[in-house]
Amino acid sequence: MRWSQLHVPTLRDDPAEAEVVSHKLLLRAGYIRQLSAGLYCYLYLAKRSLNKIERIIRQEMDAIGAQEIYTPELHPADVWKESGRWQAIGGDMFRLKDRWGREHCLGMTEEEVVTFIARGELRSYKQLPQIWYQIQAKFRDEPRPKSGLMRVRRFTMKDSYTFDMDAAGLDAAYKKHYRAYCRIFDRCGLDYLAVDAHSGAMGGSESCEFMVPSPAGEDWIVECPASGYRANLEKAVTTAKPPAVPDPAGDAGLEEFQTPGKKTIEEVSEFDGCPPSSHIKAMVMAADGKPLMALLRGDHQLSETKLAVETGATRIRSAHAEEIDQWLGAGAGYVGPVGAGDLTLLADSALEGRRNLITGANRDGYHLRNVTPGRDFQARFADLREAEDGDFDIASGEPVRRLKAIEVGHIFKLGYKYSASMGLKVLDENGKGVNPIMGSYGIGVERVLTGAIEQNADSVGMSLPVSIAPFEAVVTPVNLKNSAQREAAERLYRQLETAGVDVLLDDRAERAGVKFKDADLIGIPFRVTVGRKIGDGLVELTERRTRESRDAAVGEIAKLLTQRIGEVMPVAESRN
RNA sequence: CGGGGCGUGGCGCAGUCUGGUAGCGCGCCUGCUUUGGGAGCAGGAAGUCGGGGGUUCGAAUCCCUCCGCCCCGACCA
């Protein structure tokens, strides 16, 4: 392509509304323009780059025997009512009516639709397994879209769905996807981690997220560099650091003491002189409306996700002040497990074996000391706590760290949720009708791009991996009025095209500085500069990532460039 | 949904407190010069000051109201 004919509206200044690196650069480099909150138009460069990502995805999906299909983004409500999700999903779903008043929604995922198709077509175990995938728009009415393409209301998803006869079949499909995803993200040049994840409202047993570590990310993952343990924060289980001071020995009796106006752990801790880790944090919660008390070490944070899993509740919330007062007769700052009436008590494992602790007395203005779990109250122990930086890996005992990350992919073992609720059945070897077991697998295409930008940006712009950059190389004549330079650049451009290089010719009537800045900004991995040395038959090859240059003979450049492209092209590493 | 910020040529901003001819930088157009890291000079085009209502002789500026965008939190398949 010739740059003079393209619309690449680069900006000199950072747009005021952009905060994170990828958002700033996508706008500045002329990749995207915003239509509205969470809705973006992809201009030429973004589309080119996204097309390359999709191409890699298609190749790897095809390689595991997946079949590309396409289903409408607009869904009738009926199928969603069959699975129960029409009701289960709240404001995140875009809902609308057609002219007859029939309810529809914009697809946010497609389990229902593919199950609907499968139900009409699959009759026999001989037709399984099946892997279907598509790449299409998804819509989610995010309460707060943010950070450019990171969190939007319309995005492109590669979603696939598998149908198998049994758990072993599903496991094989899941592993195929795991490997395909590794190959895809490898080839896109991402530095990523596959982490154990919580399957959430999607249902199902096992799930794994593909995370790109980045300060701009919105998810937390926990990693033990020494042992290789990795999990989403919602799921990570670690050993806590020991309490700041050991518990007093002996079996001292319960003792109430006054703590007027001291409600938070910090206030009480400062008041009584014992560190937060010697306190029990008591949180009154409502699990699907039912009251319960969650108990944690004073310096720990409750994981609502873990609490939900532990209780089997679908919705967990903090109790309202009036509820706490009604259930316990004390304000939120003074509640505790001793004498908590018939509230269910759930205690975090870090409290197991502790003694002589401090907690609320269920009486306003009072706390209790010398509280020992097991003696003074009975609670069910479970892992309820959010893992922290500096905790220890359970298996190896080595320290873990928390990292922010961008979720680029997620694979789920769904189980029978959709085949059962929607009546998808095939006959097995014995002629008996059974529900196939399903899996679903997603990749956020734009997030692959944002992740790559976040991981490959510097002070002058982005430097995308050659596999997903909008162009592999740009030929830059320094001075178009110099006919030797102009003609050499034209020849080189055609020659590189012929050699199969995805090349751009910067034939704009701009000064060299402007061309260099723009090329750096939009992140083209290689630049061939045709300048004054052309008289000696020399051009210059510059690599965006290292910003290093070397001279090369015009006649050699095609060979040299294709060789370098091959050398820096990310390849799939062999991960199990 | 709670809290905060912002809305002025394409982009970045000043002007608003204290009402009085709408400005600056970049970009854009024309011409000349320049030509290896966002050129110089000269000339030029371009703004319902987010929308509506009000106060006033007069509103970007004061008042009311609505809308939009960004950030923090809540939420998040």
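Letters go in sequence order (proteins before strands), and every chain restarts at 1. All values below were derived from every heavy atom in this structure, side-chain atoms included, with hydrogens, water molecules and symmetry-related copies excluded.
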Worksheet item: With ring centroids as reference points, do A:Phe210 and A:Tyr178 lie under 6.0 angstrom apart?
Response: yes
State, without any angle test, whether [X] and [Y] hold a side-chain donor-acceptor pair at a distance under 3.5 Å.
| X | Y | answer |
| --- | --- | --- |
| A:Thr10 | A:Asp518 | yes |
| A:Lys158 | A:Tyr181 | yes |
| A:Asn232 | A:Glu209 | yes |
| A:Thr542 | A:Ser549 | yes |
| A:Glu446 | A:Tyr42 | yes |
| A:Asp507 | A:Ser4 | yes |

Quantified in whole Å, what is the [atom1] atom distance between nucleotide [N] and nucleotide [M]?
| N | M | atom1 | result |
| --- | --- | --- | --- |
| B:C71 | B:C17 | C1' | 25 Å |
| B:U8 | B:A60 | P | 15 Å |
| B:C6 | B:G12 | P | 15 Å |

Worksheet item: Taking the nucleotide of RNA chain B with the closest heavy atom to each, which residue, A:Ala18 or A:Met108, is nearer the 5' end?
Response: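 The residue closer to the strand's 5' end, by nearest nucleotide, is A:Ala18.
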Discussion item. Using a 4.0 Å cut-off on heavy atoms, which residues in residues 538-549 of chain A reach RNA chain B? List them by number, or say none.
Written reply: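 Per residue number, the list reads A:Glu540, A:Arg547.
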In whole angstrom, what separates [X]'s [atom1] from [N]'s [atom2]?
| X | N | atom1 | atom2 | value |
| --- | --- | --- | --- | --- |
| A:Arg144 | B:G2 | CZ | P | 14 Å |
| A:Glu19 | B:G5 | CD | P | 15 Å |
| A:Leu27 | B:C70 | CG | C1' | 12 Å |
| A:Glu234 | B:C75 | CD | C1' | 12 Å |
| A:Arg140 | B:C75 | CZ | P | 18 Å |
| A:Lys24 | B:C70 | NZ | P | 15 Å |
| A:Asp14 | B:G10 | CG | P | 20 Å |
| A:Ile522 | B:G37 | CD1 | P | 19 Å |

Discussion item. Considering every strand and a 4.0 Å limit on heavy-atom distances, what is the contact class for A:Thr476: base, sugar-phosphate, or nothing?
Written reply: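 Result for A:Thr476 = nothing.
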Partner of [N] by Watson-Crick or G-U wobble geometry, both contacts under 3.5 Å, or none?
| N | value |
| --- | --- |
| B:C6 | B:G68 |
| B:G58 | none |
| B:C49 | none |
| B:C17 | none |
| B:C32 | B:G40 |

I want to verify a distance call: between [options], whose nearest atom is closest to the [X] side chain?
| X | options | result |
| --- | --- | --- |
| A:Glu17 | B:C69, B:A74, B:C72 | B:C69 |
| A:Lys517 | B:C75, B:G36, B:G38 | B:G38 |
| A:Gln34 | B:C69, B:G38, B:C72 | B:C69 |

Worksheet item: OP1, OP2 of B:G68 versus side-chain N and O of A:Ser36: anything below 4.0 Å?
Response: no
Discussion item. Consider side chain to side chain contact (heavy atoms under 4.5 Å, CB included). Of A:Asp159, A:Thr156, A:Val445, A:Ile69, which one does A:Gln136 pass it with?
Written reply: A:Asp159
Worksheet item: Considering only heavy atoms and no angle criterion, is a donor-acceptor pair shorter than 3.5 Å present between the side chain of A:Arg28 and the base of B:G12?
Response: no
Discussion item. Do A:Arg527 and A:Phe516 form a cation-pi contact, if we require the NZ or CZ to be under 6.0 Å from the six-membered ring centre and within 45 degrees of the ring's axis?
Written reply: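 Pair A:Arg527/A:Phe516 counts as cation-pi.
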Item to complete: Using the ring of A:Phe471 (Phe, Tyr or Trp, six-membered ring only), decide whether A:Arg48 places NZ or CZ under 6.0 Å from its centre and within 45 degrees of its axis.
Response: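 Positive - A:Arg48 is close enough to the ring of A:Phe471 and near enough to its axis.
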Item to complete: Could you pull out all residues at least two apart from A:Tyr133 that satisfy ring-ring contact (aromatic ring centres under 6.0 Å, His included)?
Response: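 Listed in chain order: nothing, the list is empty.
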Item to complete: Quick one, give me the B/S/- string for nucleotides 22-35 of chain B, reading 5' to 3', where B means a protein heavy atom under 4.0 Å from the base and S means that only happens at the primed atoms, P, OP1 or OP2.
Response: ---BSS------BB
